Asks: 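This structure is in structure tokens; I'll ask about it shortly.
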Number of protein chains: 4
Amino acid sequence: MAETTPDAENDKCEDLLDSLRRGRPAAGQDPVKRSQIIDGARRVFIDKGFEAASMNDITREAGVSKGTIYVYFANKEELFEALIEEERGSIFKNMYDLLDRSDDLRQTLVKFGKVLSMKITSARVIQAQRTVIGASDRIPDMGARFYERGPKRGHDRMVTFLNAAIERGLLRIDDVDLAAYQFTDLCLAGLFRQCIFAYRVKAPSQEEIEHIVRSGVDMFLKAYGTASLAEEERHQMIALEAKS
Amino acid sequence: MAETTPDAENDKCEDLLDSLRRGRPAAGQDPVKRSQIIDGARRVFIDKGFEAASMNDITREAGVSKGTIYVYFANKEELFEALIEEERGSIFKNMYDLLDRSDDLRQTLVKFGKVLSMKITSARVIQAQRTVIGASDRIPDMGARFYERGPKRGHDRMVTFLNAAIERGLLRIDDVDLAAYQFTDLCLAGLFRQCIFAYRVKAPSQEEIEHIVRSGVDMFLKAYGTASLAEEERHQMIALEAKS
Amino acid sequence: MAETTPDAENDKCEDLLDSLRRGRPAAGQDPVKRSQIIDGARRVFIDKGFEAASMNDITREAGVSKGTIYVYFANKEELFEALIEEERGSIFKNMYDLLDRSDDLRQTLVKFGKVLSMKITSARVIQAQRTVIGASDRIPDMGARFYERGPKRGHDRMVTFLNAAIERGLLRIDDVDLAAYQFTDLCLAGLFRQCIFAYRVKAPSQEEIEHIVRSGVDMFLKAYGTASLAEEERHQMIALEAKS
Amino acid sequence: MAETTPDAENDKCEDLLDSLRRGRPAAGQDPVKRSQIIDGARRVFIDKGFEAASMNDITREAGVSKGTIYVYFANKEELFEALIEEERGSIFKNMYDLLDRSDDLRQTLVKFGKVLSMKITSARVIQAQRTVIGASDRIPDMGARFYERGPKRGHDRMVTFLNAAIERGLLRIDDVDLAAYQFTDLCLAGLFRQCIFAYRVKAPSQEEIEHIVRSGVDMFLKAYGTASLAEEERHQMIALEAKS
DNA sequence: TATGAATGAGTGTTCATTCAT
DNA sequence: GATGAATGAACACTCATTCAT
């Protein structure tokens with residue numbers, strides 16, 4: 001199988017699996033058309049929210065006929081969920097790679113925290129989250145599925161990362177799971193609820209995020225950092241001063 | 001009778017006189033009927049979300065006629081906001097009084113954090129927040145208004161509390177505003193998003209909340225507590241040990 | 001019976017007759033309240049038309065309760081018709097007295113034509129006529145009744161007047177009935193349809209009406225005037241010239 | 001193919017191609033369905049008036065679904081206006097051609113006056129006018145638009161015709177505009193208001209119209225005819241007598 | 001008798017979904 | 001397989017009328 005883009009491959013596979021899983025007729029197999037539909041749907045759903053988006057809008061935006069959409073997706077909800085699935089993939093993909101490099105701990109946490117905070121509070125992602133949350137009541141498990149495949153995965157990566165740091169003797173943490181949540185929520189301190197409730201109408205600035213994340217990392221390391229982390233950081237500081 | 005604004009007083013008096021005169025409350029003034037409507041609306045809105053809830057559903061659930069609802073509330077939105085207002089009132093009323101007592105700092109933070117966390121993650125409040133978030137796309141400002149009258153006020157109370165503790169020399173904080181957000185989000189670490197996305201289907205247990213809050217308070221005080229706080233806590237500990 | 005104002009007397013009589021005719025219960029007998037209702041109804045119906053006027057509007061405008069209106073009038077339509085009845089009376093009352101004076105013929109026709117044309121094209125009367133016409137389909141005979149008691153009566157007076165002029169040898173007319181219609185319609189030439197279709201949004205000016213009426217009277221007398229009329233007019237002219 | 005506006009041409013072409021390609025007319029383009037809707041609408045609007053007619057009634061009467069009506073017409077008003085437009089087209093089309101032949105003046109006026117009077121007082125046209133008048137209050141300009149495209153155009157044609165007759169030396173008229181109105185209203189003398197108020201429940205007979213029109217034309221020509229018209233008519237009379 | 005709160009059928013319009021072409 | 005015209009249930013909201021007080 002020739003590797004093109006991982007995304008496209010993924011899609012094709014999922015499509016096939018899907019059609020097997022659901023026993024759908026041979027129709028609705030063209031991944032190009034599927035993408036076309038999802039792209040149109042994205043523009044409309046993000047722009048208007050789930051309820052206000054009309055299938056006609058999507059039809060127009062996607063440039064395919066009403067009937068065709070219903071060949072690929074059983075109904076509006078299924079289309080929406082498919083879109084969310086894709087969306088998440090395209091946004092958070094690769095974000096966690098930052099955690100794989102075994103750089104300086106504080107640096108890594110700050111870098112990662114900034115990216116995380118920026119992505120989660122970006123207008124687009126907030127919109128999508130709002131829509132998912134709003135639709136959660138109507139479509140059981142949609143929210144749960146979203147959380148599982150999104151925030152949950154990120155959390156797991158963070159747990160792994162923290163465990164590695166513990167191994168390296170840099171951190172000492174009783175409840176690593178909790179610590180991972182604390183880290184994430186410190187990076188978003190105040191922001192998430194402000195954004196999700198539309199109290200903030202635009203995404204926080206780079207500077208604001210940097211300020212919050214640095215403060216959060218300070219707090220986090222003051223709480224969980226070991227003596228050897230402090231030692232290491234002291235050395236780095238000295239080295240840095242020597243350079244300048 | 002404490003004079004507030006003359007208008008409000010006047011209105012109240014006229015209403016009362018009216019209802020006495022006629023033995024029937026004025027249109028849109030009967031608190032029993034109002035409650036009846038809001039109760040029906042609560043069940044429907046919470047169950048289906050703002051958009052999917054129909055006024056007919058509410059009519060049926062509340063056991064009043066369509067027309068009557070429109071006597072009490074100008075439209076669907078106003079009914080929804082009234083419901084939310086009531087909800088918030090009935091849930092968060094008095095919660096912040098915990099911050100007024102100048103008790104032992106750590107104790108206070110833990111107590112308050114536990115109540116806060118418990119309330120915000122209670123099934124009912126989560127449901128209401130989901131509905132507000134979902135409605136935010138279509139009704140700009142509804143979410144913002146919700147945030148302002150709810151989370152924002154709580155945040156302000158927390159800022160005041162922290163400033164008092166700083167005054168007392170127990171805390172040293174650069175950015176009090178940020179610290180308040182950090183405190184709240186540490187108390188909810190991991191919980192809020194899990195609940196709001198329905199990944200958790202039931203509210204966290206007392207024990208879990210206690211664990212999270214204690215951990216958060218530890219972290220918070222490790223970061224912002226002064227030497228005199230430590231001193232004070234050491235004395236308490238000794239006193240406590242002596243007792244036992 | 002003490003003569004107060006002819007209008008009030010009329011009303012009282014009609015009310016009594018009404019209640020006898022319809023066998024209504026003793027309720028709804030107070031002519032003051034009846035007038036109050038009709039006055040409110042007038043403002044609302046004239047302002048909004050039959051369908052758009054709401055009984056609530058009328059309630060508010062009349063300053064009586066909903067129930068009271070329904071004591072005096074069986075329903076919206078009956079109220080409307082009662083209003084129209086009154087309206088016509090108050091507007092056209094006395095207008096035809098102009099025809100009773102045996103003045104100079106041309107003068108009389110011009111004077112009468114001007115008043116007629118002005119009244120019929122006045123905003124108020126046009127509104128009322130529009131409403132009657134619009135309601136005619138829904139309320140059988142309303143239009144006919146309106147025509148009979150309004151335009152028809154005026155027409156009859158005009159026929160009488162023309163016959164008198166014929167008697168005096170001033171006119172020679174084959175079909176007096178037709179001539180009366182011709183006179184009226186010449187006085188309104190072009191105006192009635194323009195007004196009733198709201199092509200003209202405001203009533204024609206005094207000057208315009210004068211121009212139209214004079215032209216119509218000229219035509220009318222050229223067609224139906226006798227030699228002796230011409231003679232008479234010649235004398236008048238001479239007399240007039242002599243004076244100046 | 002005569003190029004009018006490129007856009008209009010384009011649209012027309014695309015529509016045609018579309019319907020050929022698919023063997024089905026484009027949305028809102030099927031003239032059969034359009035007629036079906038308008039026919040249903042005609043029955044309902046004429047029967048109940050604009051306000052009282054409900055889209056549900058029309059749906060039922062037309063035998064199409066609610067949605068389909070809204071594909072063909074944006075809203076109730078637009079449907080109503082389309083109906084009126086059609087109505088006018090089908091009734092008054094070609095009527096004014098009578099004025100294009102330069103026949104004997106009196107004959108032409110009589111012929112035209114008869115047709116005009118007959119059409120305007122026909123049950124169908126009266127009904128339509130009643131509906132428009134009734135709707136005028138709520139929908140400003142609807143009546144005006146009706147007047148402009150109907151009576152106003154007819155009036156303009158009459159003005160042109162009279163000017164031609166003046167040119168030919170047959171008439172002498174100071175105010176041609178007024179004269180045109182006078183002619184029309186003489187042809188309808190008494191009829192229009194009787195019909196529009198439903199005092200007359202059926203259209204006037206041929207004979208009655210003939211009588212009224214002849215009388216009106218007599219009057220009109222007595223007022224505006226020149227000596228040369230009289231001369232011409234005398235010659236015709238002699239010629240006619242000679243023949244018999 | 002007079003009141004006005006309550007009623008609920010009715011309004012014009014939208015839109016997810018179907019199915020003949 | 002793809003299309004998009006047609007569908008009709010559903011929507012938020014109004015208002016003539018009733019009837020308990």
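Labels below follow one simple rule: chain letters A, B, ... track the order of the sequence lines, proteins then strands, and each chain is numbered from 1. Just so you know, these numbers use all the heavy atoms, side chains as well, and skip hydrogens, waters and symmetry mates. Keep in mind that what you see is a predicted model, and the values were worked out from it rather than measured.
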Asks: Grab the CD-P distance between C:Glu51 and E:dG12 for me, whole Å please.
Replies: 11 Å

Asks: Evaluate the criterion salt bridge (Lys or Arg N to Asp or Glu O under 4.0 Å) for residue pair A:Arg42 and A:Glu61; output intermediate values, then yes/no.
Replies: CA-CA 9 Å; A:Arg42 172 170 20 254; A:Glu61 203 66 37; over 6 Å; no

Asks: Between B:Phe50 and B:Phe45, what is the ring plane arrangement, given parallel below 30°, perpendicular above 60°, and tilted in between?
Replies: parallel

Asks: Could you tell me how far apart C:Arg60 (CZ) and F:dC15 (P) are, to the nearest whole angstrom?
Replies: 10 Å

Asks: Residues in side-chain hydrogen bond (donor to acceptor under 3.5 Å, both in side chains) with D:Ser35, at least two apart?
Replies: none

Asks: Donor-acceptor pair, B:Tyr72 side chain versus B:Asp30 backbone, under 3.5 Å?
Replies: yes

Asks: Output yes when a side-chain donor or acceptor of C:Lys76 lies under 3.5 Å from a complementary backbone atom of C:Ala53, and no otherwise.
Replies: yes

Asks: Rounded to whole angstroms, how far apart are CD on C:Glu77 and C1' on F:dC15?
Replies: 15 Å

Asks: Considering only E:dA2, F:dA12, E:dT13, which nucleotide approaches the side chain of B:Tyr70 most closely?
Replies: F:dA12

Asks: Provide, to the nearest angstrom, the distance between the CD1 atom belonging to D:Ile69 and the P atom belonging to E:dT11.
Replies: 13 Å

Asks: Would you mind reading off the distance between A:Lys48 atom NZ and E:dA16 atom P, rounded to a whole angstrom?
Replies: 10 Å

Asks: Looking across every strand, which nucleic acid part, if any, lies under 4.0 Å from C:Thr68 by heavy atom: base, sugar-phosphate, or nothing?
Replies: base

Asks: Reading DNA chain E from 5' onward, which residue's closest nucleotide shows up sooner: C:Lys33 or D:Asp57?
Replies: C:Lys33

Asks: May I have the distance from C:Asn56 (atom CG) to E:dT3 (atom C1'), rounded to whole angstrom?
Replies: 13 Å

Asks: Give the rounded distance in Å between these two atoms: CZ of D:Phe45 and C1' of E:dG12.
Replies: 11 Å

Asks: Can you tell me the distance, in whole Å, between the CD1 atom of C:Ile58 and the P atom of F:dT17?
Replies: 11 Å

Asks: Does a nitrogen or oxygen in the side chain of D:Lys66 sit under 4.0 Å from OP1 or OP2 of F:dG8?
Replies: no

Asks: Counting side-chain heavy atoms from C-beta on, which of F:dA6, E:dG12, E:dT7 comes nearest to D:Lys76?
Replies: E:dG12

Asks: Could you tell me whether a side-chain N or O of A:Gln127 sits under 3.5 Å from a main-chain N or O of A:Ile46, the two making a donor and an acceptor?
Replies: yes

Asks: Answer yes or no: does a side-chain N or O of D:Tyr72 lie under 4.0 Å from OP1 or OP2 of F:dA6?
Replies: yes

Asks: Can you tell me if B:Asp141 uses its side chain to pair, donor with acceptor, with the backbone of B:Ala144 under 3.5 Å?
Replies: no

Asks: Where does DNA chain F pair, written as one dot-bracket string 5' to 3', with Watson-Crick or G-U pairs under 3.5 Å, ( ) inside the strand, [ ] for crossing pairs and | for another strand?
Replies: .||||||||||||||||||||

Asks: For D:Met55 and C:Gly63, take the nucleotide of DNA chain E holding the closest heavy atom to each; which residue's nucleotide lies nearer the 5' end?
Replies: C:Gly63

Asks: Take C:Ala53 and B:Phe50, find for each the nucleotide of DNA chain F with the closest heavy atom, and name the residue whose nucleotide sits nearer the 5' end.
Replies: B:Phe50

Asks: When you check the phosphate oxygens OP1 and OP2 of F:dA10, does a side-chain N or O of B:Ser54 lie under 4.0 Å from one of them?
Replies: no

